[in-house]
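Structure first, commentary second.
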Amino acid sequence: MLPWRRFPLNEVNFAAQKLAFVIKYSSLIVSSGKIQDCDGMGSERVDTEGKARNKEAKMKRRKSDHGSTRAGGDAIKNNKKTPKTREKTDLGESHKKVMVFKSENLDSTISASESVKETDNDFSARKGLKRKWVQDESMDSSVIPTSKKIKHKLGENSDEERKTKKSNKKMQKKVKCEDSNECKKPKRTKGEIEEARQLKIKKKEEEEQSRWRWWEEEKYEDGVKWRFLEHSGPYFPPEYQPLPDNVHFYYDGKKVKLSLAAEEVALFFAQMLDHEYTTKKVFRENFFKDWRKEMTDAERSLIQDLGKCDFGEIHAMHKAKVEARKNMTKEEKQALKEANQKIVDEFGYCLLDHHRERIGNFKIEPPGLFRGRGEHPKQGMLKKRIQPEDIIINCSKEACIPVPPAGHRWKEVRHDNTVTWLVSWTENIQGSIKYIMLNANSKLKGEKDWEKYEVARKLKSCVDNIRSQYRSDLKSRQMSTRQRAVALYFIDKLALRAGNEKEEGETADTVGCCSLRVEHITLHEQMDGKEYVVEFDFLGKDSIRYYNKVPVIKKVFKNLKLFLENKQPGDELFDRLYTSMLNKHLSSLMPGLTAKVFRTYNASITLQEQLKELTNKSDSVAEKLLSYNRANRAVAILCNHQRAPPKTFDQSMATLQSKIDARKEQLALAKSGLKQAKKEAKAKGSSEFKLQTLVERKKAAVKRCEEQLLKMEIQATDREENKQIALGTSKLNYLDPRISVAWCKNMGLPVDKIYNKSQRDKFAWAIDMTEVDFEF
DNA sequence: ATCCGCACTTAGAATTCGGGTC
DNA sequence: GACCCGAATTCTAAGTGCGGAT
């Protein structure tokens, strides 16, 4: 690697540092406790008008910026902002990040872009491929239930094939029975349980065999997502059931019988009464406004004050219903489960290019009160019931078009194979479009996912150049270029999101990199013994707080100082920068490169490096898994994936601790037992066979005890470290699964130690194709 | 050139499942 | 067999970014 391509030394996160961090960060997180409230930072929020003015000014500048050459010379004098006191956001116990990693540049490896080939679209050739597939891995539609019409399309495999397959399965089952003890110990309720278990195993095998190995097929021509698509349409939630006669709503102490529409909305509110939402002013106001819209004139003139409404009985009824559900008999639960399964069978699958694919969300979202995240201005608004007349169906021309519910018709039926959705509707809160799409284990999603990681790998080979480019851009004479360079520095180093512009008043006030405001950063020439520290404090996606103190290079620091000149807290930090410009620039550096690719790249490369550093082949399984989780955790911290600590966290930790203590006692007991046995054996001479075996047995007991203790202790460490960190998001969306699969192979671990069933399904392509020596 | 609608990914919370324990 | 708890799944909000209309 050429020296000039590298980050200067103070930027490189050395392996030793990182290792120390990983070992240390657990204690940091554990000991950090509560973070200060944002408002404690002395930052002020500007009123909406102020922000709107800002935006306007930015728009004007956007037009004139071309001519500007002197950096900072044309800084805008901002309008005076009127600060507004804002309701405090309860951020809960989020962890304080003390250090964030940066991945060091690795020697570039040219990535395998060949996997994303775009060629032959000769359908007959493809057909041949497919036919081959059908023969090789016939789908047994008699086992996996489908809706009628989908089933008949599936009937491509001959009975003969089916028979052979079945007999194969029988053989497999027999073998299994012989070498496992499953057959030997029939359980209490044996018959049924055993049968169910066998059925499950069988189903699993079937699934494995019927998996569409799309990654072995050629890709379609650009833009074409499918050639044939058939489905049963959406599943609608049940109609509203009026309240029983003994449940009443009271207004101002008097019983009021509400109209059906008003009653339904009242129930939405009553259901949420235990939730904090219903105490919030904005929520209550929005709800009340929308509720009144649903009332009859008479109701509207009577019910004027939400405070006088008594939903007590409705709330109690709802709670009783929930309780009753919990207390259902086994038979009732079983019946319910079967009914649900029937719905899944009918609506949960579609047929896409001769393959049966699972749909991700085939149920229409039921009506209710909108629950935004954070301080959402629209929280509490009524989310309306979706009618078939709101629904657009997308499927093949040749397919059976799903039938709308009786007496209804679809808004539209279209046949657009350049999109992946099956059903769409427009939601009434933001006016945005909602879609029904395929499950994550589908070809459509999997292929895209694979492609995403290939783009990120491509970035690996040119990231050095890009870094040196934005570093030299820090000195650019053009203000917008400098801002772009600093933003890129943050996006790369801190894995910040792009930060698109948002419509004022439509959503919670959250920001990403390009939309950062002056109030979100504080500059410290010196802090905690470090130079040029930037302190970030803002709410990001989902109103999750990002708090971090980061030492930056001098040039970045000086630029930030410049950007802050003559600005108010509510002004934009990067007033000359837009995500569109940034992405346009990035795509000129590398095709397909956008801001979010950096997140994927840095996440995956961090995982790979961490795994390399943290794991040894000689470690025990539990230790390996702890290391894997720690590597995963390092990524989650980098990407700021937080979660509310589980409600039962303290309790479950205590339980685990008491188990550990008990095990320790047991171990001590086992040890003294061993000692005693050894003593006796020695006294009676080694000829005593019985005593010798006793010693061996005791030894084994001690060893077992020790192992179990270690395992539990590791589990406790893992859980403690994970208190407020969510691993799932990075695992599912940012970490190239091939890194994990290769690691498993290297470590001699089965993949199901790190991926559960649905994760294995989602990453089937990676599990199938990854070799031990895979390098991201 | 800019805006905006659209499509699709990413996100944490809520709910449900299922296996272990008493 | 009831109950409890962590894991898995579901749900849907909230982002990103492309590309066509203007």
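The chains referred to below are lettered A, B, ... by the order of the sequence lines, with proteins before strands, and numbering in each begins at 1. For the numbers below, each heavy atom of this structure counts, side chains included, while hydrogens, waters and symmetry mates do not.
The side chain of A:I433 has B:dC6 as its nearest neighbour among C:dT9, B:dT16, B:dC6. Nearest nucleotide to the side chain of A:Y734, out of B:dA11, C:dG17, C:dA14: B:dA11. The nucleotide whose nearest atom lies closest to any side-chain atom of A:K383 is, among B:dC8, B:dT10, C:dA13, C:dA13. Listed nucleotides: C:dT9, C:dT12, B:dA11. Nearest to the side chain of A:S758: C:dT9. Of the listed nucleotides (B:dG12, C:dA14, C:dG17), C:dA14 has the atom at the smallest distance from the side chain of A:F370. In the set B:dA13, B:dT10, C:dC11, the nucleotide with an atom closest to the side chain of A:A644 is B:dA13. The side chain of A:R414 has B:dA7 as its nearest neighbour among B:dG12, C:dT12, B:dA7. Closest approach to the A:K452 side chain among C:dG17, B:dG12, B:dT10 is made by B:dT10 (side chain taken as heavy atoms from C-beta onward). With B:dA14, C:dG17, C:dG15 as the candidates, the nucleotide lying closest to the side chain of A:K502 is C:dG15. Nearest to the side chain of A:R325, among B:dC8, B:dT16, B:dA14, sits B:dT16.
Residue side chain A:K541 reaches the base of B:dT10 through a donor-acceptor N/O pair under 3.5 Å, judged by distance alone.
Checked by atom type, the side-chain pair A:D718/A:N629 shows a donor-acceptor distance below 3.5 Å. A:S515 and A:N500 form no side-chain donor-acceptor contact under 3.5 Å, judged by distance and modelled atom types alone. Defined by atom type and a distance below 3.5 Å, a donor-acceptor pair is present between the side-chain atoms of A:E427 and A:S432. Defined by atom type and a distance below 3.5 Å, a donor-acceptor pair is missing between the side-chain atoms of A:R371 and A:Y277. For the residue pair A:T481 and A:R576, no side-chain donor N or O sits within less than 3.5 Å of a side-chain acceptor on the partner.
Between the CG atom of A:L539 and the C1' atom of C:dG15 there is a distance of 15 Å, given to the nearest Å. For the pair A:F598 CZ and C:dT16 P, the interatomic distance rounds to 15 Å; values are reported in whole Å. For the pair A:E375 CD and C:dA13 P, the interatomic distance rounds to 17 Å; values are reported in whole Å. Rounded to a whole Å, the CG atom of A:L735 is 15 Å from the C1' atom of B:dT9. Rounded to whole Å, the distance from NZ on A:K762 to P on C:dT9 is 13 Å. Rounded to whole angstrom, the span from the CD atom of A:E503 across to the P atom of B:dC4 amounts to 8 Å. Computed from coordinates, the A:K434 NZ to C:dA13 C1' distance equals 6 Å when rounded to whole Å. Rounded to a whole Å, the CG atom of A:L582 is 17 Å from the C1' atom of B:dT2.
Residue contacts for A:K378: at a heavy-atom cut-off of 4.0 Å it reaches no nucleic acid atom on any strand shown. Nucleic acid contact class of A:D542 (heavy atoms, under 4.0 Å, all strands): sugar-phosphate only. Note on A:K584: nothing from the nucleic acid sits closer than 4.0 angstrom, heavy atoms only. At a threshold of 4.0 angstrom between heavy atoms, the contacts of A:T420 are confined to the sugar-phosphate backbone, with no base atom among them. When heavy atoms are screened at a 4.0 angstrom cut-off, A:K333 is found touching no nucleic acid atom at all. Among the protein residues, A:G540 comes within range of the sugar-phosphate backbone only, with heavy atoms under 4.0 Å from sugar or phosphate atoms but none that close to a base. A:R497 comes within contact range of the sugar-phosphate backbone alone, with a heavy-atom separation under 4.0 Å but no base atom that close. If you check every strand for non-hydrogen atoms under 4.0 Å, A:G512 touches nothing. Among the atoms of the strands shown, base atoms are found under 4.0 Å from some heavy atom of A:Y435.
Contact annotation: A:K596 side-chain N/O to B:dT9 OP1/OP2 distance is not under 4.0 Å. Listed pair A:K757 / B:dG18 fails the phosphate criterion, with no side-chain N or O lying under 4.0 Å from OP1 or OP2. Residue A:S652 has no polar side-chain atom (N or O) positioned under 4.0 Å from OP1 or OP2 of C:dC5. Dashed line: the shortest gap from a side-chain N or O of A:K225 to OP1 or OP2 of B:dC8 is under 4.0 Å. Contact annotation: A:N733 does not reach the phosphate of C:dG15 (side-chain N/O to OP1 or OP2, under 4.0 Å). Residue A:H275 places at least one side-chain N or O closer than 4.0 Å to OP1 or OP2 of B:dA14. Remark: A:Q651 is in phosphate contact with C:dC5, judged by side-chain N or O atoms under 4.0 Å from OP1 or OP2. Contact annotation: A:K448 does not reach the phosphate of B:dC8 (side-chain N/O to OP1 or OP2, under 4.0 Å). A sub-4.0 Å separation between OP1 or OP2 of C:dG6 and a side-chain N or O of A:R719 is present. OP1 or OP2 of C:dG15 lies within a sub-4.0 Å distance of a side-chain N or O belonging to A:T510. Note on A:H641: every side-chain N or O is 4.0 Å or more away from OP1 and OP2 of B:dT10. Taking side-chain N and O atoms only, A:S580 has no distance below 4.0 Å to OP1 or OP2 of C:dG17. Phosphate proximity of C:dC11 to A:N361: absent, as no side-chain N or O sits under 4.0 Å from OP1 or OP2. Dashed line: the shortest gap from a side-chain N or O of A:N583 to OP1 or OP2 of C:dG17 is under 4.0 Å.
In terms of heavy-atom proximity, A:I386 sits nearest to A:W425 at CD1-CD1, 3.4 Å. For A:L273 against A:T278, the heavy-atom pair with the smallest separation is O-OG1, 3.4 Å.
Sequence order on DNA chain B of the closest nucleotides to A:S730 and A:K337 puts A:S730 first from the 5' end. When the nearest nucleotides of DNA chain C are assigned to A:A595 and A:N327 by heavy-atom distance, the more 5′-ward of the two goes with A:N327. Comparing A:R371 and A:M437 by the nucleotide of DNA chain B whose heavy atom lies nearest to each, the residue mapping closer to the 5' end is A:M437. Looking at which nucleotide of DNA chain C each of A:C513 and A:Q759 is closest to, the 5′-most match is held by A:Q759.
When the options A:E375, A:R373, A:K541, A:K502 are evaluated for a side chain to side chain donor-acceptor pair (under 3.5 Å) with A:T510, the one that passes is A:K502.
Other residues, nucleotides and ligands place more than 12 heavy atoms under 6.0 Å from the CD atom of A:E506.
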